[in-house]
2 protein chains.
Amino acid sequence: MRVDASRPVSAGCVLDHPLAHEQARALLKALADPLRLQVIEVLGRGERCVCELTDELGLAQSKLSFHLKVLKDAGLLEAREDGRWIYYRLRAEAIGALQRWLGDLAAGCDTPASPCG
Amino acid sequence: MRVDASRPVSAGCVLDHPLAHEQARALLKALADPLRLQVIEVLGRGERCVCELTDELGLAQSKLSFHLKVLKDAGLLEAREDGRWIYYRLRAEAIGALQRWLGDLAAGCDTPASPCG
DNA sequence: AAAATAGATCAATGAGAGTTGATGCATCAA
DNA sequence: TTGATGCATCAACTCTCATTGATCTATTTT
């Protein structure tokens with residue numbers, strides 16, 4: 001079996017609850033790479049086989065594979081095996097969880113500072 | 001004057017419009033650092049003077065200054081000068097823009113892949 | 001005017017993360 | 001069973017980026 005069945009820490013039902021800082025940071029970090037963001041954007045339009053991604057993005061195979069792993073470990077992607085091919089899809093729950101986490105972040109940012117002098 | 005009056009590309013009214021990929025990536029990258037995320041979380045609770053941040057986070061001055069600049073350049077922070085002190089606050093618009101951008105991202109992610117064989 | 005404080009910036013160092021090419025392991029076709 | 005294809009993984013290299021300590025400027029205090 002080429003695809004590990006065990007779920008990353010950040011995956012699954014965990015994302016239905018409020019995100020911990022570490023989890024949020026892991027998602028942000030995974031998204032913050034230009035190449036990975038391209039991958040995410042393509043997968044945001046629908047599931048893709050690795051070979052399609054390779055063509056669509058014009059990437060070296062090992063390079064793409066590296067970044068897919070990073071995204072999967074962060075809980076952003078899910079892989080599905082079908083014979084010789086592996087299909088990846090974006091986990092909308094992960095995006096949603098991050099969205100909500102960001103929403104809470106700025107809650108009190110208009111509170112003025114106590115003068116420092 | 002110690003604080004540059006010119007706005008970063010990603011700041012201001014730009015964030016009221018849909019974010020470009022590059023802008024979104026800049027925000028994500030700025031947020032993806034553990035230390036910067038701490039700063040953001042503190043500023044999410046209200047405006048702070050640099051010296052308060054230094055104390056509250058226990059950081060070396062130049063280190064904090066470096067990260068504040070990164071966050072400001074990304075459009076996430078705004079600085080206000082008052083005499084000898086400089087107060088930073090979180091720009092809720094930037095967070096909001098990123099939230100919306102993320103929302104659009106996963107729009108079509110349930111579209112199945114065309115079988116690859 | 002001189003000393004002290006707040007904060008930015010710079011040069012040098014170090015650590016982490018991405019890239020590249022090779023190799024390995026499945027799966028499918030012949 | 002042999003060869004070809006899809007994909008993951010590994011080791012070596014590179015490069016980006018954060019850290020550190022020093023220096024510089026502006027502001028305030030004495």
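Chain letters run A, B, ... following the sequence lines, proteins first, then strands; residues in each count from 1.
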Length of the line joining [X]:[atom1] and [N]:[atom2], which is rounded to integer Å:
{"X": "B/Leu59", "N": "D/dG21", "atom1": "CG", "atom2": "C1'", "result": "16 Å"}
{"X": "B/Lys72", "N": "C/dT9", "atom1": "NZ", "atom2": "C1'", "result": "13 Å"}
{"X": "A/Glu81", "N": "C/dC28", "atom1": "CD", "atom2": "C1'", "result": "14 Å"}
{"X": "A/Arg80", "N": "D/dG6", "atom1": "CZ", "atom2": "C1'", "result": "15 Å"}
{"X": "A/Asp33", "N": "D/dC17", "atom1": "CG", "atom2": "P", "result": "10 Å"}
{"X": "B/Trp85", "N": "C/dA8", "atom1": "CH2", "atom2": "P", "result": "14 Å"}
{"X": "B/Lys63", "N": "C/dA6", "atom1": "NZ", "atom2": "C1'", "result": "19 Å"}
{"X": "A/Glu52", "N": "D/dT5", "atom1": "CD", "atom2": "P", "result": "18 Å"}

pair [X]-[Y]: side-chain heavy atoms closer than 4.5 Å:
{"X": "A/Leu59", "Y": "A/Leu53", "answer": "no"}
{"X": "B/Leu68", "Y": "B/Ile86", "answer": "no"}
{"X": "B/Leu90", "Y": "B/Leu71", "answer": "no"}

Classify the nucleic acid contact of A/Cys116 as base, sugar-phosphate or nothing, counting any heavy atom under 4.0 Å across all strands shown.
->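 Nothing: the residue A/Cys116, judged by heavy atoms under 4.0 Å, touches no strand.
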Using a 4.0 Å heavy-atom cut-off across all strands, classify A/Leu64 as base, sugar-phosphate, or nothing.
->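 Here A/Leu64 touches no strand at all.
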Side-chain donor/acceptor contact of [X] with base of [N] under 3.5 Å:
{"X": "B/Ser65", "N": "C/dG7", "answer": "no"}
{"X": "B/Arg84", "N": "D/dT28", "answer": "no"}
{"X": "B/Gln61", "N": "C/dA6", "answer": "no"}

Carboxylate-amine/guanidinium proximity below 4.0 Å for A/Asp73 and A/Lys69 = yes
If you compare every side-chain N and O of [X] against the phosphate oxygens of [N] (OP1, OP2), does one of them come in below 4.0 Å?
{"X": "A/Tyr88", "N": "D/dA8", "result": "yes"}
{"X": "A/Lys69", "N": "D/dA8", "result": "no"}
{"X": "B/His67", "N": "D/dT19", "result": "yes"}

Consider the side chain of A/Ser62, meaning its heavy atoms from C-beta on, and name the nucleotide among C/dT19, D/dC7, D/dT9 that approaches it most closely.
-> D/dT9
Can you name the one residue among B/Arg80, B/Arg91, B/Arg89 that meets salt bridge (Lys or Arg N to Asp or Glu O under 4.0 Å) with B/Glu47?
-> B/Arg80
Toward the 5' end of DNA chain C, which comes first, A/Asp82 or A/Lys29, by nearest nucleotide?
->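 First, find each residue's nearest nucleotide; the 5'-ward one identifies A/Lys29.
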